[in-house]
Enquirer: 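Would you mind keeping the following structure in view while I ask a few things?
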Amino acid sequence: MTEMIQEVRVRFAPSPTGNLHIGGARTAIYNWAFARRNGGKFILRIEDTDPERSTSENTAQIIRSLKWLGLDWDEGPEVGGEYGPYLQTERFATYGAALEDLKAKDAVYPCFCTPEELAERREAAMEAKTYSGYDRRCRDISFEEAAARIKAGEPHTWRLKIPLDRGDVTFNDLVFGATSFPITQLDDFILVRSDGSPTYNYVVCLDDALMKISHVIRGDDHLSNTPKQILVYEALGMPTPRFAHLSMILGPDGKRLSKRHGATSVEAYKDEGYFADALLNYLALLGWSLDGSTTLFDAQVLTDNFSLDRVSKNPAVFDEKKLEWINASRIKEMGAPAFVDALVPHLCDYGLIRGGSTVYDNELGLVDGKLADTASIKADVEANRAWYEAIYPLVAERARTIAEAIPMTSYLFSGDTVFYDETSVSKCLKAEGAAVILKNAEEALSGLQQSWSTSSIEEELRKLPEQLGVKPKVIFQAVRVALCGNVVSPPLFESIELLGWENTEARLKKAIEIAN
RNA sequence: GUCCCCAUAGUCUAGCGGUUAGGACGCCACCCUUUCAAGGUGGAGGUCACGGGUUCGAAUCCCGUUGGGGAUGCCA
């Protein structure tokens, strides 16, 4: 058999019945990477044939998520293409024409069984443990009788007439290898519903064939649908594409990843402060490997190296810890400007503005004060870029996501007030000698107003342990709690510089009151 | 019930007949250190699901078993 030299054309075909989830995103990434690696085309097609559950909002959201991930498509919604339209609901004309063709070829037949009858028979057969699909009772209705019943307006579906004499359906899956299904196992499934709409297994073939898709790369859950679809291609007389199935993504409990495992949508990860390239990196690794040892890479490396024969067959458990680690490594290398750009939307969400007077509790719930409006936050960031960028070194080694950076740095945004962690206060502020320590710290810093910098602050405060004859740890932890409200915080001297003398002074005075 | 697929440490994986079974996340310890991290160093963790073959030799090839997943819709 000669292999036709064919242009690589792959597609991602989500149904807009929800937002883009992790599994779908990975399928999209693999298709995209395969296309880019092989100089082919990546096509986006929206399978919106289920009017009950499909919404245009979902479509818009899916597109947004794909773009955010950094994927681009050569044909599809928004970009068009010569094989459009790319919304299934706009392709209905082609389905009707193909049905006429199938009727002419005697490859389909009308079925007058009602859904209720079908369900009843299926149940009975299941009960008797003998169910193996539709019993084909309408297959032998004569042409004349069928025509008469259709003419009389009797509701009917159109079923594929499986060629009983065909051998088993075999195909070489590009991930799973040789796969074979007994023809006896396949029933005459419905192609066109009684309302005239086409079913998935029918449209998907027609669309893929008409769009000249060369490789169908999709979820494992379609492996068992593949023989049916091969039969449709054959009935249609259209060439069968190559298939590559991707194993499922599982939750920590080993069950298929779903909402009950927590966040599963791409958008949710975006909102939690993950970066697109980190998510892309992690997802690419979930079922594919570059060489067995490389774990950190960018989209370019992916599109330069992706290949289906390095795709794993085992289902993979989604490990958020590793995603966090990859995201953390991204934050460490991204630099202050990019970090601030990513931080701003989160600051806006919480109304955090430099020098603000809002007080937050540990969960970042609003305790007191007003939320700053996003316009003034953005303006302040523009006007004081250096101050905001100075936050980066404080959290770059600590925050795994941008969202984590918010509670970590919220003390920088509360002006002259501090939210105190009770245990930290009783441990460090109400301890013996705390008031003296804080008083001395205040005095030491007060002389620095003209030379306020991390290094001068550090120089002065470092003198305290010897002066007071107290262990450094005791001193610095007391100051830390006084200024940050907690025994755990980002580096102290840098924090003091960012707080400024006035806020520092106010916070120290208040802490001294508590200590007394 | 029937059919299909899968099986290497807690997790993701490398491995394609000869390796002390490699890497990464996570975990533990130590170092660094004013906290938390980060970083550095070291470590624990695998009878390669189980049982049979084939072979001089099997994680790798074959058969069976078990476990898991999927399909079996007028959903996609």
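Chain letters run A, B, ... following the sequence lines, proteins first, then strands; residues in each count from 1.
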Enquirer: Do the side-chain N or O atoms of A:Arg256 get closer than 4.0 angstrom to the phosphate oxygens (OP1, OP2) of B:G68?
Expert: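 The answer is no; no side-chain N or O of A:Arg256 sits under 4.0 Å from OP1 or OP2.
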Enquirer: Can you figure out which of B:U35, B:G1, B:A76 approaches the side chain of A:Pro491 most closely?
Expert: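 In terms of side-chain proximity for A:Pro491, the closest of B:U35, B:G1, B:A76 is B:U35.
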Enquirer: Say you pick atom C1' in B:A59 and the same atom in B:A9; how far apart are they, in whole Å?
Expert: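 Per the computed distance, 14 Å lies between those C1' atoms.
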Enquirer: Nearest to the side chain of A:Lys332 - B:U34, B:U11, B:A38?
Expert: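 Among B:U34, B:U11, B:A38, the one nearest the side chain of A:Lys332 is B:A38.
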Enquirer: Partner of B:A58 by Watson-Crick or G-U wobble geometry, both contacts under 3.5 Å, or none?
Expert: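 With both distances under 3.5 Å required, B:A58 matches none.
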Enquirer: Report the C-alpha distance between A:Glu497 and A:Thr454 in whole Å, list the side-chain angles of each, state the deciding distance to 0.1 Å, and finish with yes or no for side chain to side chain donor-acceptor pair (under 3.5 Å).
Expert: CA-CA 6 Å; A:Glu497 184 189 346; A:Thr454 296; 2.4 Å; yes
Enquirer: Of the options B:C74, B:C36, B:C5, whose atoms approach the side-chain atoms of A:Arg193 most closely?
Expert: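 That would be B:C74.
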Enquirer: For the pair made of CZ in A:Phe171 and P in B:C5, what is the distance, rounded to whole Å?
Expert: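 It works out to 9 Å between those atoms.
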Enquirer: Select one nucleotide: of B:A76, B:G1, B:A14, the one nearest the side-chain heavy atoms of A:Ser289.
Expert: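 Within the option list, the nearest is B:A14.
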Enquirer: I want to verify a distance call: between B:C6, B:A71, B:U35, whose nearest atom is closest to the A:Val488 side chain?
Expert: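 Given the options B:C6, B:A71, B:U35, the side chain of A:Val488 is closest to B:U35.
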Enquirer: Can you check whether any acceptor in the base of B:C6 is under 3.5 Å from a donor in the side chain of A:Ser247, or vice versa?
Expert: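 It does not, because no donor-acceptor pair links the side chain of A:Ser247 to the base of B:C6 below 3.5 Å.
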Enquirer: Can you figure out which of B:C4, B:G69, B:G39 approaches the side chain of A:Lys255 most closely?
Expert: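 Among the listed nucleotides, the one closest to the side chain of A:Lys255 is B:G69.
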Enquirer: Only one of A:Leu412, A:Leu508, A:Val418, A:Asn503 clears side chain to side chain contact (heavy atoms under 4.5 Å, CB included) with A:Leu483; which?
Expert: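 Among A:Leu412, A:Leu508, A:Val418, A:Asn503, the one meeting side chain to side chain contact (heavy atoms under 4.5 Å, CB included) with A:Leu483 is A:Leu508.
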Enquirer: Using the P atom as the point on both nucleotides, what is the distance between B:C62 and B:G18, in whole Å?
Expert: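 16 Å, rounded to whole Å.
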Enquirer: Applying a 3.5 Å limit to both distances, which nucleotide forms a Watson-Crick or G-U wobble pair with B:C27?
Expert: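 Per the H-bond distance test, B:G43.
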Enquirer: In whole angstrom, give me the gap between the C1' atoms of B:U20 and B:C31.
Expert: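 Pairwise C1' distance, B:U20 against B:C31, rounds to 29 Å.
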Enquirer: Listed by chain and number, what are the side chain to side chain contact (heavy atoms under 4.5 Å, CB included) partners of A:Asp298, not counting sequence neighbours?
Expert: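 Listed in chain order: A:Gln300, A:Val301, A:Arg330.
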Enquirer: For B:A24, take OP1 and OP2 only and decide whether either is under 4.0 Å from a side-chain N or O of A:Lys322.
Expert: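 No, outside the criterion.
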